[in-house]
Amino acid sequence: MPRARKGHALRRGGQRRGGGARNSTQADSPSSDDEATSEVLSHYSSTSEGASIAEESLGNEVVDEQAQQEELEEKLKERIDDVADKSAKTRQGALESLRLAFSSRVLLDFLLERRLTLTDSLEKCLKKGKGEEQSLAATVLTLLCLQLGSGPEGEELFRSLRPLLVSILTDTSANLGARHSCASALGMCCYIAAADVEDLISCLACLEGIFTGACREESSSALAPLQALHCCALQAWALLLTICPGTHINRVLDSQLPLLPQLLSSDSVHLRIAAGETIALLFELGRDLEEDFLYEDTDSLCSTLRALATDSNKYRAKADRRKQRSIFRDVLHFIETGECQEETIKFGLECMYVDSWVRRRTYAAFKETLGSGVLHHLQNNELLRDIFDLGPVLVLDAAAMKASKISRFEKHLYNSAAFKARTKARSRVRDKRADVL
């Protein structure tokens with residue numbers, strides 16, 4: 001499904017050229033400079049042999065990586081079989097292993113051959129499993145969809161399991177952890193693989209129904225256990241708004257924007273933050289549709305945001321206060337000036353800018369799903385590179401990889417030698433000054 005995404009400036013080759021060494025404010029004696037230079041060159045030449053050894057070892061890395069990949073695939077085959085095991089403990093262990101593997105590696109070719117088997121097993125876990133097993137199954141489903149991408153395989157996966165996700169999410173008697181995971185899975189899988197606008201609008205309506213009650217009754221203590229669920233649903237809903245057609249965005253601005261500020265008084269810091277970020281996202285989408293977009297209660301909203309940006313209540317945890325103040329400063333600044341705080345994400349030899357609330361919500365969603373593996377997927381997953389306009393996956397030949405690694409290694413050796421020589425030279429100068437005194 002085509003997605004209308006804003007263009008964003010990206011920078012390839014994220015490494016910056018470093019400046020030269022700083023000049024000392026007090027010049028050492030000529031003899032000290034000569035000795036320091038001599039020691040640097042001597043130490044640097046003595047380490048060239050180590051660089052050669054490192055270069056030779058790089059030749060074996062490709063072979064080692066292939067062996068590791070084959071070993072990983074054998075283990076994954078066993079784990080996929082274990083997902084259908086009779087023991088609940090075995091199934092949960094297998095699901096956890098798949099979660100870790102899918103989030104840290106790109107395994108498209110491997111999974112294409114086994115997607116139907118795994119899909120059937122995940123469906124059984126979601127239908128017959130309890131609590132933690134359902135939660136893990138929904139998470140693995142999300143990662144499987146992320147691996148398969150937005151093609152026919154991803155669409156088929158989402159179409160077959162979407163009714164089950166919706167059923168668990170809307171079942172008030174279901175385990176809360178399972179409902180959290182299903183909310184996130186519904187949002188992410190719809191974002192990746194929704195076949196048409198009708199599917200998108202249907203998922204938006206489902207997620208909207210989860211947190212809308214919280215907008216009207218958040219002060220009720222009965223809703224406290226559901227705050228985490230409301231937060232997950234709101235974030236998934238906001239993610240889908242980033243690919244919504246303009247006609248639906250206008251309806252959301254009329255119906256939901258007046259309600260969301262009520263969540264800013266929630267007892268949950270995570271729900272307050274999610275509400276603030278969603279409000280900023282809606283302002284950005286509204287301004288994209290109309291340059292002179294106005295919200296009637298902007299003054300009251302800014303007053304509330306300013307209070308949250310300077311909150312110093314001692315009954316809140318220090319880390320929560322710090323995070324809340326930082327985010328709400330950004331939200332307030334954007335609503336008042338239209339400027340979004342920019343963040344730079346570096347991965348490998350590339351980097352990208354997160355310079356809008358649309359991009360910020362999208363990156364946060366993938367980061368929450370992939371964890372520490374998000375940087376690996378930004379480098380190697382074609383789906384993420386398409387979403388963030390990163391272009392084709394960079395293919396570096398062995399020579400380029402060796403040159404890159406050796407240059408960093410040699411730079412480290414040179415800096416180490418220079419530091420050692422400079423320390424010795426300065427020590428001698430200090431000794432001479434002590435003698436004079």
Side-chain angles (χ1 to χ4, degrees), residues 72-73 75-108 110-111 114-148 153-154 157-158 160-193 203 206-207 210 225-226 228-229 231-233 235-236 239 270 364-374 376-377 381:
L72 173 65
E73 291 183 358
K75 291 181 179 180
L76 287 178
K77 290 177 185 177
E78 297 177 3
R79 290 304 188 182
I80 290 175
D81 292 338
D82 288 342
V83 175
D85 194 85
K86 293 182 179 180
S87 168
K89 185 176 181 180
T90 300
R91 293 196 301 270
Q92 289 185 30
L95 289 169
E96 178 63 20
S97 297
L98 293 179
R99 183 190 70 80
L100 294 173
F102 291 178
S103 62
S104 60
R105 298 287 188 105
V106 176
L107 301 164
L108 176 59
F110 172 81
L111 291 172
R114 298 163 181 84
R115 63 185 179 86
L116 296 178
T117 301
L118 184 54
T119 300
D120 290 341
S121 298
L122 291 175
E123 183 177 3
K124 292 177 182 178
C125 290
L126 288 170
K127 282 182 177 179
K128 300 179 180 180
K130 302 294 182 182
E132 181 65 20
E133 183 179 342
Q134 288 181 310
S135 179
L136 282 170
T139 301
V140 173
L141 168 62
T142 305
L143 291 168
L144 177 60
C145 188
L146 194 152
Q147 293 274 352
L148 296 177
E153 296 83 5
L157 173 68
F158 176 58
S160 63
L161 294 185
R162 184 188 69 175
L164 194 52
L165 292 175
V166 172
S167 175
I168 297 173
L169 174 59
T170 55
D171 183 2
T172 55
S173 63
N175 178 270
L176 274 178
R179 295 179 72 189
H180 298 168
S181 297
C182 286
S184 299
L186 183 65
M188 180 61 76
C189 292
C190 181
Y191 179 88
I192 294 172
C203 292
C206 177
L207 292 166
I210 298 298
L226 299 175
L229 174 61
C231 185
C232 288
Q235 289 175 328
L239 174 66
H270 300 293
F366 281 101
K367 186 177 180 182
E368 289 160 8
T369 301
L370 294 166
S372 60
V374 66
H376 175 80
H377 279 265
N381 190 315

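The shown structure was predicted, so the numbers you read here are calculated from the model rather than taken from an experiment.
Counting heavy atoms from C-beta outward, F366 and N381 have side chains that stay 4.5 Å or more apart. Between R179 and L176, the closest side-chain pair of non-hydrogen atoms falls below 4.5 Å. The shortest distance between side-chain heavy atoms of V140 and F102 falls below 4.5 Å. Between L229 and L169, some side-chain heavy-atom pair lies under the 4.5 Å cut-off.
Atoms NZ and OG1, on K124 and T119 in that order, are 12.0 Å from each other to the nearest 0.5 Å. Interatomic distance, L186 CG to L161 CG, rounded to the nearest 0.5 Å: 11.5 Å. Rounding to the nearest 0.5 angstrom, the gap separating the CD1 atom in I210 from the CG atom in L226 is 9.0 Å. Atom-to-atom distance recorded for E123:CD and L141:CG is 10.5 Å, nearest 0.5 angstrom. Rounding to the nearest 0.5 angstrom, the gap separating the CG atom in L76 from the CG atom in L111 is 7.5 Å. To the nearest 0.5 Å, atoms SG (C182) and CG (L207) are separated by 11.0 Å.
Side-chain atoms of Q147 come within 3.5 Å of backbone atoms of R105 as a donor-acceptor pair (strictly under, hydrogens ignored).
Nearest heavy-atom pair across A193 and G154 is CB-O, 3.4 Å. The two atoms that bring D85 and R91 nearest to each other are O-NH1, 2.9 Å, heavy atoms only. When all heavy atoms are compared, the tightest approach of C125 to E133 is SG-OE2, 3.4 Å. The two residues R79 and S97 have their closest heavy-atom pair at NE-OG, 3.4 Å. Minimum heavy-atom separation, A138 to L126: N-CD2, 3.9 Å. When every heavy atom of C203 is checked against every heavy atom of R162, the shortest pair comes out as SG-CD, 3.9 Å.
Ion pairing between E153 and R115 fails under the 4.0 Å rule for side-chain N and carboxylate O. Comment: E96 engages R99 in a salt bridge, judged by a side-chain N to carboxylate O separation of less than 4.0 angstrom.
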Exercise. Show the numbers, then the answer: is there a side chain to side chain contact (heavy atoms under 4.5 Å, CB included) between V83 and T117?
Key: CA-CA 10 Å; V83 175; T117 301; over 6 Å; no
Practice problem: Check the pair T170 / C206 against side chain to side chain contact (heavy atoms under 4.5 Å, CB included), numbers first and verdict last. | Solution: CA-CA 8 Å; T170 55; C206 177; 3.9 Å; yes
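Considering T369, L98, L100 as possible partners of L143, the one that fulfils the side chain to side chain contact (heavy atoms under 4.5 Å, CB included) test is T369.
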